Amino acid sequence: MPSYHLGLNPATQTFLEEAKEEIQKQNLFSFHSSAQTLVSNEKETAPLFAPEINWYLKNSLDSKEEKLKTLSLLYEARAIKFDHALHQDYEESVSPSLLVIGESQSAKEFASKALESSFEVEILPYESIESIEGKLGAFVANLTDGSSRGFAQGVLFREDEFASKYMGIEKVSDFEDAKELLEKLQSRLGIYRYKTTITYNPEICQYHHRREKSCSKCAILCPTFGVVNDDSKMELLFSQLDCVGCGGCISACPTGAIDYAPYPKEALYEIARLYNETTILMIPEPFLKDLEEVTLPKGITPLIIDREKFPSEMHLLTLLQESGSSLLFYSPIISRPTKEASEMLNQIYLKAYGEPALYLAQDIPTLLESLPKAHKIEKSLYRYTPKPNELRRKTFGERLRYIIKEQELGQVPSGEFIRYGEIKVDQEKCTLCLSCVGACNINALTANSNEFTLDFNASLCTTCGYCLPSCPENAITLELSGITLAPSWFETKVMARDEMFKCIECGKPFATKKSVEKIKNLMSPLFVGNAFKLKTLECCPDCKVKVMMGFSSEADSKRETILEEVE
């Protein structure tokens, strides 16, 4: 078991006096700042700092016994997250060269202050700059006169949505004063170190190397150059340097191809189980300081996440079911996908249990109003362990199946970013060529070779729509109908059926009847008068050659007859 450190600060002093004997008896925490510990509620005493412990002890109305239990939970959650985090370290060299872009009096005054702060400053008007490229520490401004300027960081004195997406190029409007902005610029000087924030699996991406653009929600939501889509190559380009780690791309990814490196889904699954029989208040760590004076009612336990935008419907439902309680989420910033997922889950819970499940609060008054509404939903308690590398929709579907059971509860609409629906197949048009199956990389569409059927599972479908342009018969349509709350929605359905066509020469099955009929209808008018070519339309590839060369079974029979007569 990892060693934890509980500091003797004002937030914990009273609690320690009351519970110290029990803590020592259970050997739960270390009380010495010199101890080799993993997690601490005091900075500089362990590799991992857990500020939520001080906040919880100071603000919670839980009993001593409950606080002791929760302390252990909070420490363990931090340790589990650390174990699963997929961090890789990077570094960039950043010189003090600074480009100030603007020609106003304010820009000139800021440039003077930057010079006094040991920056090497150049100031240029917007109109002189053609484009900016590069990265923190190695930017290049291409000028309209054909020359260029290199710089390490930049400051914008006008709104510029493109340039401000780079890490290292700041907008003056984002800072309260020149001092705050200079401190930000100075914090990156020398060796700037950063870590992986997102991981990516192109094999299950609904954009990667597709013939047509079917999904790029991650790039649409990204506020920086952390992820961009290259439509010429149909590839996503990631920059761990420019990524601010907000997590918006993760909440919108329907397959889970993008995951959050500091808090991957495996960490969530394991940590969620610690919160059994308690109500979760999920808080992004940057916003914990907002709640300094908020009293925490009994039975509510904080769950700290790194950033605000990454929770998806799968994350939220996991926390709801593993805790068996409603879920509170405080964050001044909540992504559109997270809002859509919350609305969808609340509708599902209202239909299944007659009560909402999620309470989103973007300000303190809303949070204070929501805290008393938190309650247990014991019927929703469900333990589910996803298989390794299980797709997000599969995990969500299995959890949702538990809620629905055998009920027929109607439909729940989905949103713009969290999309659910179904495809329809025109059986008269479908030839079972299976191009759609090859296009579907999440196995929502599959082929049954024993029954000669095209099958579909709506609960796995991400509604990317890539099967539509892949179908040569235009036999597929997509309906963004949301989720059907019924057992049939999770079942694999037959969308089209055919039977095998046997070669008229050798009798070997080689294609479906519908596909042979289609080819015959297309080619027969072109082969009129040519018996051999007409016959090849009903032959397997091996026999097709024999027929064209005059070596059909009929010709073989005639030759054998002639030979017998000669003998």
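Treat the numbers as computed from the prediction; the structure is a model and nothing was measured.
A donor-acceptor pair shorter than 3.5 Å cannot be found between the side chains of Thr196 and Gln240. Between the side chains of Thr301 and Thr278, at least one donor-acceptor pair of N or O atoms lies under 3.5 Å. Using a 3.5 Å distance cut-off with no hydrogens or angles, the side chains of His315 and Ser312 do pair a donor with an acceptor. Side-chain atoms of Ser95 and Ser97 form a donor-acceptor pair, as typed in the model, at a separation below 3.5 Å.
For Tyr420 and Phe396, the distance between ring centers is under 6.0 angstrom. If you look at Tyr359 and Phe329, their ring centroids are not closer than 6.0 Å.
Salt-bridge annotation for Asp62 and Lys69: absent, with no side-chain N of the basic residue lying under 4.0 Å from a carboxylate O of the acidic one. Salt-bridge check for Lys135 with Glu92: passed, with a basic side-chain N closer than 4.0 Å to an acidic carboxylate O. A salt bridge links Glu398 with Lys394: at least one charged nitrogen is closer than 4.0 Å to a carboxylate oxygen.
Applying the ring-ring contact (aromatic ring centres under 6.0 Å, His included) rule to Tyr402 yields the partners Tyr382; only residues at least two apart in sequence or on another chain are considered. For Glu292, the salt bridge (Lys or Arg N to Asp or Glu O under 4.0 Å) criterion is met by Lys58, not counting sequence neighbours. By the side chain to side chain contact (heavy atoms under 4.5 Å, CB included) test, Ser187 pairs with Lys184, sequence neighbours left out. Among residues two or more places apart in sequence or in another chain, the side chain to side chain contact (heavy atoms under 4.5 Å, CB included) test is passed with Val294 by Leu291, Ile364, Leu367, Leu368, Leu371. Here Lys179 pairs with nothing under the salt bridge (Lys or Arg N to Asp or Glu O under 4.0 Å) rule; sequence neighbours left out. With sequence neighbours excluded, the residues forming a side chain to side chain contact (heavy atoms under 4.5 Å, CB included) with Thr395 are Tyr269, Met314, Tyr384, Pro386, Glu390, listed by chain and number. Arg307 pairs by the side-chain hydrogen bond (donor to acceptor under 3.5 Å, both in side chains) definition with nothing, not counting sequence neighbours. Judged as a side-chain hydrogen bond (donor to acceptor under 3.5 Å, both in side chains), and not counting sequence neighbours, the contacts of Glu235 are His209. In this structure Asn229 satisfies the side chain to side chain contact (heavy atoms under 4.5 Å, CB included) test together with Tyr207, Lys213, Ser216, Ala219, Asp231, Leu236, sequence neighbours excluded. With sequence neighbours left out, Ser106 forms a side-chain hydrogen bond (donor to acceptor under 3.5 Å, both in side chains) with no residue at all.
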**OP:** Kindly indicate, with the supporting measurements, whether the criterion side chain to side chain contact (heavy atoms under 4.5 Å, CB included) is fulfilled by Leu320 and Leu358.
**Re:** CA-CA 8 Å; Leu320 286 168; Leu358 284 144; 4.2 Å; yes

Original post:
For Gln153 and Val94, what are the C-alpha separation, side-chain angles and deciding distance, and is it a side chain to side chain contact (heavy atoms under 4.5 Å, CB included)?
Top reply: CA-CA 8 Å; Gln153 295 187 82; Val94 182; 3.9 Å; yes

Original post:
Hey, mind stepping through Phe162 and Phe225 against ring-ring contact (aromatic ring centres under 6.0 Å, His included) and telling me if it holds?
Top reply: CA-CA 9 Å; Phe162 180 83; Phe225 291 125; 5.0 Å; yes

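Taking all atoms of both residues into account, the shortest heavy-atom contact from Thr224 to Gly226 is OG1-N, 2.9 Å. Minimum heavy-atom separation, Ser380 to Tyr349: CB-OH, 3.5 Å. Contact record, Ser251 with Gly248: OG-O, 2.9 Å, taken as the closest heavy-atom pair. Closest approach of Ala261 to Thr199, counting heavy atoms only: CB-CG2, 4.1 Å. Residues Pro337 and Leu221 come closest through the heavy atom pair CG-CD1, 3.6 Å. Nearest heavy atom pair, residue Val227 against residue Cys249, reads CG1-CB, 4.5 Å.
Put simply, the side chain of Tyr353 never gets that close to the backbone of Ile348: no donor and acceptor are under 3.5 Å apart. Between the side chain of Arg392 and the backbone N or O of Cys253 there is at least one donor-acceptor pair closer than 3.5 Å. The closest donor-acceptor contact from the side chain of Thr338 to the backbone of Ile334 lies at 3.5 Å or more, if one exists at all. In terms of modelled atom types and a separation under 3.5 Å, the side chain of Asn41 and the main chain of Ile53 share no donor-acceptor contact. At distances below 3.5 Å, at least one donor-acceptor pair connects side-chain atoms of Asp242 with backbone N or O atoms of Met167.
With respect to Leu274, the side chain to side chain contact (heavy atoms under 4.5 Å, CB included) criterion is satisfied by exactly one of Leu73, Leu74, Leu303, Thr70: Leu73.
Within the 4.5 Å cutoff, side-chain heavy atoms of Leu182 are placed close to those of Phe119. Considering only heavy atoms from C-beta on, Ile250 stays 4.5 Å or farther from Tyr263 through its side chain. Put simply, the side chain of Glu159 reaches to within 4.5 Å of the side chain of Lys171, judged on heavy atoms. With a 4.5 Å cut-off on side-chain heavy atoms, Leu360 and Leu328 do not count as touching. Using a 4.5 Å cut-off on side-chain heavy atoms (C-beta onward), Leu241 and Tyr192 make contact. Between Ile283 and Glu52 the shortest side-chain heavy-atom distance does not fall below 4.5 Å. Contact of the Glu340 side chain with the Ser414 side chain is not registered, since no non-hydrogen atoms from C-beta on lie closer than 4.5 Å. Residues Pro262 and His87 have side chains in contact (heavy-atom distance under 4.5 Å, counting atoms from C-beta outward).
Rounding to the nearest 0.5 angstrom, the gap separating the CD1 atom in Ile132 from the CG atom in Asp160 is 6.5 Å. Within the model, atoms CD1 of Ile483 and CD of Gln347 stand 10.0 Å from one another, a figure rounded to the nearest 0.5 Å. One finds the CG atom of Leu327 at 8.0 Å from the OG atom of Ser342 (value rounded to the nearest 0.5 Å). Taking CZ of Arg419 as the start and OG of Ser481 as the end, the distance is 11.5 Å to the nearest 0.5 Å. To the nearest 0.5 Å, the span separating CG on Leu237 from OH on Tyr200 amounts to 9.5 Å. Note that SG of Cys461 is 9.0 Å distant from CH2 of Trp489, once rounded to the nearest 0.5 Å.
Within a 6.0 Å sphere centred on CD of Glu180, heavy atoms belonging to other residues, nucleotides or ligands number more than 12. For Lys43, the NZ atom counts as loosely surrounded, since its 6.0 Å shell holds 12 or fewer non-hydrogen atoms of other residues, nucleotides or ligands.
Residue pairs meeting the salt bridge (charged side-chain N to carboxylate O under 4.0 Å, His left out) criterion with at least one member in residues 186-210, sequence neighbours excluded: Asp89-Lys195, Glu91-Arg193, Glu170-Arg188. Applying the salt bridge (charged side-chain N to carboxylate O under 4.0 Å, His left out) definition to pairs two or more places apart or across chains, those involving residues 309-327 are Arg273-Glu322, Glu313-Arg393, Glu322-Arg383, Glu322-Arg399.
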